[in-house]
Q: 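Let me give you the structure first, and then I'll get to my questions.
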Amino acid sequence: MTYVAGADFGTLSVRVTIMETESGKAVASVAAGYPLHRDPADPLIARQSHADHMEALTRAMRGAISEAGIDGHAIAAFAADTTGSSVIVVDDRLEPLCDYYLWADHSAHHEADEITTLARAEGLEALDWCGGTYSHEWGYAKLLHFLRHNPDKRDRVGTALEHCDMLAATLSGVRDPAQVCRSVCAMGHKWMWSPKWGGYPSQAFLSRVDPLLDGINAKLDSPVGAAPEVAGHLCPEWAERLGLKPGIPIPFGAFDAHWDALGSGGRSGDVVNVVGTSTCFIAIAPVDIHPVPGICGAVPGSVTPDTTGIEAGQSATGDLFEAIARRAGSDVATLMQGLDSYRPGQTGLLRLTWDNGDRTVLVRPDLGGMTLGWDLGHTAADELHAAIEGMAMHTRIIHERIAETGMSIAHVINGGGIPQKNDVLNQVYADVLGTPVLVPESSPTGVGSCIMASVAAGIFDDIASAQERLAPPARRFDPDPARHAVYDDLFELFRSVYMGFGAGEPFDAGAVLPRLRGFRLGQA
């Protein structure tokens, strides 16, 4: 039997999955956690340690090998996806000069605003493919923030790396920044890289943003590629630590949501909502699409070599549900009890899910969550249901914006961890979107990494063949026409409030609360 291993680095833990490629079964799946460093005085900060990541990977890998009951040397290849844009600054030997600026770190919002302002003024083409706004979550903004706030370390900067690329380099024993293999997924979506304009934005442009960026593109200059192409081979040191065979192939890495989309069975024409602590939307689009405002990025080759990956996102999903339950002194599972009996709009609450800002389509970290329509009878369960509806309606706004790229959406798939255990959410999404929603029967986490590892090892000829064997089958949630009709009305109200408060568009504020009361009374 032939085995492959895949790792998925999330916000709080890494999960290692081992799959047997002939049967397509996952024989082990083990997670190991690591701390997230927050600052109570500064809610924008979210940092993590490279050493913590690698220690957790070691525990998870050895645990998975033990759970599978196999010799680790039987594993033919290893691949990993990570969060992004999670950025680390290193010296010229790839030793960290700081902790990772995790994807959730919003410290660099001023730097992102400066990049966006100059790019708009100069008509930088790369910005169009970022949706018209450079995000505070992305690479150049975080690197500039580091340079501004660590003057004592500036002369030691060798390069900056995305987590997926740092991981592949570390496991391959790479010590020279010029030899680091960088992922198209990471550099295209977060660093404005594209062969269309010769790689990165020009050094002259970056230096005009801030002279501290002088010479930075030369420090980022190393090979760029995409899985299943091989980025390196497991070095003896890390083979011994992990319990694997030295020399096995390690393909280029990618971001977790992109490979979760593949592990969920996503193919060309599909949109996968990777619903977890946040939601990342991955559309697997044709190569001939065009950019539209508000979409985080459209990058050829970021999911599969022959398609364009479109990324969008919600900055908090599961995190928001947990926050509602925590404030109520309860938990999500308890509050979910009975929500399957709620009719559309039954609560009369309209929940704007901006509790961690808006990533798509407004790209505004300065927004906050809001709930309209409260009365004395409402409960925390009502708020949770309204939040699920709000997430679904925000998802519809994002899907409609994705469709404006010229993509025709073939299937909608709810991937990620939450849809596995929340059928209410899946049905609400189907009813709001008015289209069937497919949900993998088992967790797709780590499956995308195993798919890429199996192709890199030559076990399958291509990604589609590996998906046929390894991706789990799906359950289907069909929309109810009557519920969808009600949600159409509620969605129009949601969109007017969303664009009114978020983008300053005019709307009839005086009509909002009476209309919500009508939904509550079943009169809408």
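Computation of the quantities below employed the complete heavy-atom set of this structure, encompassing side-chain atoms and omitting hydrogens, waters and symmetry-equivalent molecules.
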Q: Looking only at the side chains, is there a donor atom on one of W197 and S202 sitting less than 3.5 Å from an acceptor on the other?
A: no
Q: State which residues pass side-chain contact (heavy atoms from CB on, under 4.5 Å) with E240; sequence neighbours excluded, sorted by chain then number.
A: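 So E240 forms no side-chain contact (heavy atoms from CB on, under 4.5 Å) with any residue.
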Q: Decide side chain to side chain contact (heavy atoms under 4.5 Å, CB included) for W193 and V224; before the verdict, give the C-alpha distance in whole Å, the side-chain angles of both, and the deciding distance to 0.1 Å.
A: CA-CA 9 Å; W193 183 95; V224 178; 3.8 Å; yes
Q: Applying salt bridge (Lys or Arg N to Asp or Glu O under 4.0 Å) as the test, list every pair that has at least one member in residues 253-273; sequence neighbours left out.
A: R267-E468
Q: Is there a donor-acceptor contact under 3.5 Å linking the side chains of D214 and S207?
A: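 Checked: D214/S207 side chains pair up, N/O donor to acceptor below 3.5 Å.
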Q: If I take atom CG from residue L161 and atom CG from residue L167, how far apart are they, to the nearest 0.5 angstrom?
A: 11.0 Å
Q: Is there a side-chain contact between Y140 and D210, using heavy atoms and a 4.5 Å cut-off?
A: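 With C-beta onward as the side chain, the pair stays apart.
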Q: Do M54 and R241 have side chains that get closer than 4.5 Å, going by heavy atoms?
A: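 Sidechains of R241 and M54: no contact.
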Q: Should we count NZ of K245 as having more than 12 external heavy atoms under 6.0 Å?
A: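 At most 12 heavy atoms, drawn from other residues, nucleotides or ligands, come within 6.0 Å of this atom.
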Q: With Y3, which residues qualify under ring-ring contact (aromatic ring centres under 6.0 Å, His included), at least two apart?
A: none
Q: Taking only residues two or more places apart in sequence or in another chain, which ones pass side-chain contact (heavy atoms from CB on, under 4.5 Å) with R175?
A: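 Scan of R175 (side-chain contact (heavy atoms from CB on, under 4.5 Å), adjacent residues dropped) gives R93, E95.
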Q: Does a side-chain heavy-atom distance below 4.5 Å link W103 with F255?
A: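 Side-chain contact under 4.5 Å: no.
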Q: Can you list the residues that meet the ring-ring contact (aromatic ring centres under 6.0 Å, His included) rule with H53, with sequence neighbours excluded?
A: F9, Y34, Y100, H163
Q: Which pairs with one or both residues in residues 98-112 pass salt bridge (Lys or Arg N to Asp or Glu O under 4.0 Å), sequence neighbours excluded?
A: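 Salt bridge (Lys or Arg N to Asp or Glu O under 4.0 Å) check on residues 98-112 returns R47-D105, E111-R148.
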Q: Picking from P419, P472, S264, P444, what satisfies side-chain contact (heavy atoms from CB on, under 4.5 Å) with V439?
A: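 For V439, the side-chain contact (heavy atoms from CB on, under 4.5 Å) test succeeds with only one of P419, P472, S264, P444, which is P419.
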Q: By side-chain hydrogen bond (donor to acceptor under 3.5 Å, both in side chains), which residues pair with Y429, not counting sequence neighbours?
A: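 side-chain hydrogen bond (donor to acceptor under 3.5 Å, both in side chains) list for Y429, sorted by chain: empty.
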Q: Quick one: do S194 and W129 satisfy side chain to side chain contact (heavy atoms under 4.5 Å, CB included)? Show the steps, please.
A: CA-CA 10 Å; S194 175; W129 292 91; over 6 Å; no
Q: Identify all side-chain donor-acceptor contacts of residues 289-307 below 3.5 Å with residues at least two apart in sequence or on another chain.
A:
unit_1	atom_1	unit_2	atom_2	d
H290	NE2	E404	O	3.2
H290	NE2	T405	O	3.3
S302	OG	H189	NE2	3.0
S302	OG	V299	O	3.3
T304	OG1	D306	OD1	3.0
T304	OG1	T307	OG1	2.6

Q: For residues H37 and Q48, is any side-chain donor paired with an opposing acceptor at under 3.5 Å?
A: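 On atom types as modelled, these side chains do not qualify, holding no pair under 3.5 Å.
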Q: Quick check on D461: does its CG atom have over 12 non-hydrogen neighbours (other residues, nucleotides or ligands) under 6.0 Å away?
A: no
Q: Does a donor on one side chain sit under 3.5 Å from an acceptor on the other, for S465 and D462?
A: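 Yes, D462 and S465 have a side-chain donor paired with an acceptor closer than 3.5 Å.
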Q: Output every pair passing side-chain hydrogen bond (donor to acceptor under 3.5 Å, both in side chains) with a member in residues 220-230, not counting sequence neighbours, ordered by first then second residue.
A: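 Sorted pair list: R182-S222.
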Q: Apply side-chain contact (heavy atoms from CB on, under 4.5 Å) to D42 and list each qualifying residue two or more places apart in sequence or on a separate chain.
A: D39, L44, I45
Q: Can you list the residues that meet the side-chain contact (heavy atoms from CB on, under 4.5 Å) rule with P177, with sequence neighbours excluded?
A: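 By the side-chain contact (heavy atoms from CB on, under 4.5 Å) rule, P177 matches L94, T159.
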Q: Do any N or O atoms from the side chain of S135 and from the backbone of E137 form a donor-acceptor pair under 3.5 angstrom?
A: yes
Q: Ring-plane angle category for Y134 and W138, please: parallel below 30°, perpendicular beyond 60°, tilted otherwise.
A: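 Rings of Y134 and W138: perpendicular, as their planes differ by over 60°.
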Q: Any sub-3.5 Å donor-acceptor pair from R154's side-chain atoms to L147's backbone N or O?
A: yes
Q: How far apart are the C-alpha atoms of V89 and K153, what are their side-chain angles, what is the distance that settles it, and do they pass the side chain to side chain contact (heavy atoms under 4.5 Å, CB included) test?
A: CA-CA 10 Å; V89 183; K153 298 179 180 179; over 6 Å; no
Q: Just checking, any donor-acceptor pair under 3.5 angstrom between side chains of S449 and D81?
A: yes
Q: Show me, pair by pair, the donor-acceptor contacts under 3.5 angstrom made by side chains of residues 355-364, not counting sequence neighbours?
A:
unit_1	atom_1	unit_2	atom_2	d
D355	OD1	R351	NH1	2.9
D355	OD2	R351	NH2	3.1
N356	ND2	S315	O	3.1
D358	OD1	T360	N	3.2
D358	OD1	V361	N	3.3
D358	OD1	L362	N	2.9
D358	OD1	V363	N	3.3
D358	OD2	W354	NE1	3.0
D358	OD2	H394	NE2	3.4
D358	OD2	Y498	OH	2.8
T360	OG1	G313	N	3.0
T360	OG1	G313	O	3.4
R364	NE	D366	OD1	3.0
R364	NH1	G502	O	2.8
R364	NH2	D366	OD2	3.0

Q: Is a side-chain donor-acceptor pair under 3.5 Å present for S454 with T21?
A: no
